[in-house]
Amino acid sequence: MVTIDDSKVPNFIVIGAGGVGVITALSLCIRSKSNVSLVVRSDYDHVREFGYQIESCDYGSFTNWRPDHLYRKVEDASKSGTFFDYVVVTTKNIPDGPVSSRVPVIIKPVMESNHYLNAKRPTNVCLIQNGIDIENDILEAFDKNLYNLSLLSGIQLIGSTKTGEGIISQVGQDHLSVGAFDHDDSHAVAAAHAFVDMYNNSGHNIVNYDPNVRYSRWRKLLYNAAINTTTALVGLDVPRCLEFAKDKKSTEEQIFLPAMKEIIALAKSENIELEEEYAHHFVNFSRDIMFKPSMCIDCEKGQLMELEVILGNPLKIAERNGVSTPVLSILYNLLFLTQSSLKEKNGLLKFDESKARIV
Ligand SMILES: *[C@@H]1O[C@H](CO)[C@@H](O)[C@H](O)[C@H]1NC(C)=O
Ligand SMILES: *[C@@H]1O[C@H](CO)[C@@H](O)[C@H](O)[C@H]1NC(C)=O
Ligand SMILES: *[C@@H]1O[C@H](CO)[C@@H](O)[C@H](O)[C@H]1NC(C)=O
Ligand SMILES: *[C@@H]1O[C@H](CO)[C@@H](O)[C@H](O)[C@H]1NC(C)=O
């Protein structure tokens, strides 16, 4: 017999227990309007026994903190008999990575178990991740009607890191915007509003409903596509990228601003108007803050970067809409080589030197 968890509060499963995922789960738990499961891959044994130790600028100090349920794997959660109303994905989005780390593959077990437990009850998948067109992979993998799927977008600004086994340090306030990828999907819009309410710890975090997710994602891309990519290529934080430039100007004038102008043109080709002011604002704002974007840190750690969702997908749009993007294309093609080198180091790509070919 199948047991369906029909408790009144919605069930959340947060997949990805890094600095972002743990604070996301904590925020939902503190609000106490939902039942929260967290998938904790590498730290599972430690967290099960000792809980998390959290220093949070939003909520204070915790020792021994655990969400309502912990799972080692998404498969284990899918066998629990729980219907997960909200599947919240806080992993990195690397579609060119190993098959097992691709988002549709990661969430498949709970999508299937939800469908099996109750084919009519809606499943809301919320991607709290960077990038453009990340919803397409999900829509290709899961039929919207068959799974009664609503897709939500989360854009999060937060400074939170996992600094050790079960140890989380949050130094920057959590600011989350949630909306429906498709603003004509009334179920997704309602689910996004409900999500915002279940996440709203007024006076601690900041959460808002985002009526225009595509616009917000393109605006964030201005920064990500121009600045994060450059820092990853050269292995420098943002202020050094600006200061070490020829006459202290060439990075801003020859790389950042031209790349951002191409993003603005690309967004325009998709009927999204980004103000050019933002480009200057992002450059000015980042000049004084010692900051190394995650793409640069991933590269330094030998981990794959979120290259396809940050540059690969926008360049597909450029090709489709006939927009010229010389600067972004060079950044992409150079980073593609870097990504391939990271793949080789991680055993995902084999090069035979005796043949001088990929094998
Ligand atoms: C999806 O869920 C909604 C809300 O419960 C319901 O109204 C609708 O009929 C469901 N759709 C399908 C295709 O099952
Ligand atoms: C969050 O809660 C506060 C206090 O109840 C409320 O004033 C605010 O409007 C809520 N925010 C959202 C986005 O619903
Ligand atoms: C950026 O800084 C420059 C030089 O200080 C200034 O002229 C410009 O107005 C600033 N732009 C924005 C949008 O902040
Ligand atoms: C790029 O840097 C921004 C700005 O801090 C950060 O929020 C984002 O996660 C980074 N994205 C990638 C793909 O590195």
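Just so you know, residue 1 is the first one in the sequence shown, and it goes up from there. Both counts, for ligands and for their atoms, begin at 1 and track the order of listing. The figures here come from the full heavy-atom set of this structure, side chains too, leaving out hydrogens, waters and symmetry mates.
D182 is not listed as a side-chain neighbour of L151, based on a closest heavy-atom distance of 4.5 Å or more. Between I263 and W218 the shortest side-chain heavy-atom distance falls below 4.5 Å. Between F62 and Q53, the closest side-chain pair of non-hydrogen atoms is not below 4.5 Å. Taking 4.5 Å as the limit, every side-chain heavy atom of I272 sits out of range of all side-chain heavy atoms of R219. Residues K292 and V238 have side chains not in contact (no heavy-atom distance under 4.5 Å, counting atoms from C-beta outward).
In summary, the atoms of ligand 2 found under 4.0 Å from a heavy atom of V207, numbered by their order in the structure, are 13 (C). For ligand 1 and K120, the ligand atoms under 4.0 Å from any heavy atom of the residue are 1 (C), 2 (O), 10 (C), 14 (O). Each of the following atoms of ligand 1 lies closer than 4.0 Å to a heavy atom of N148: 1 (C), 2 (O), 3 (C), 8 (C), 10 (C), 11 (N), 12 (C), 14 (O). For ligand 3, the atoms lying closer than 4.0 Å to a non-hydrogen atom of E277 are 13 (C). Those atoms of ligand 2 with a heavy atom of V196 less than 4.0 angstrom away are 13 (C).
P95 pairs in a side-chain contact (heavy atoms from CB on, under 4.5 Å) with only one of the listed residues (L307, N313, D137), which is D137.
Among all protein heavy atoms, the one lying closest to atom 11 (N) of ligand 3 is N284 ND2, 3.0 Å. Of all protein heavy atoms, the one lying nearest to atom 7 (O) of ligand 2 is S202 OG, 4.9 Å.
Taking 4.0 Å as the cut-off between side-chain N and carboxylate O, D237 and R240 count as a salt-bridged pair.
An N or O contact shorter than 3.5 Å is missing between N145 and ligand 1 by distance. Considering backbone and side-chain atoms alike, N200 places an N or O below 3.5 Å from some N or O of ligand 2. Ligand 3 has no nitrogen or oxygen under 3.5 angstrom from a nitrogen or oxygen of H280.
Contact between D197 and ligand 2 is absent, with no heavy atom of the residue lying under 4.0 Å from the ligand. Using a 4.0 angstrom heavy-atom cutoff, R121 does not count as in contact with ligand 1.
For Y209 and F195, the ring centers sit 6.0 Å or farther from each other.
At a distance under 4.0 Å, no protein heavy atom can be found next to atom 4 (C) of ligand 3.
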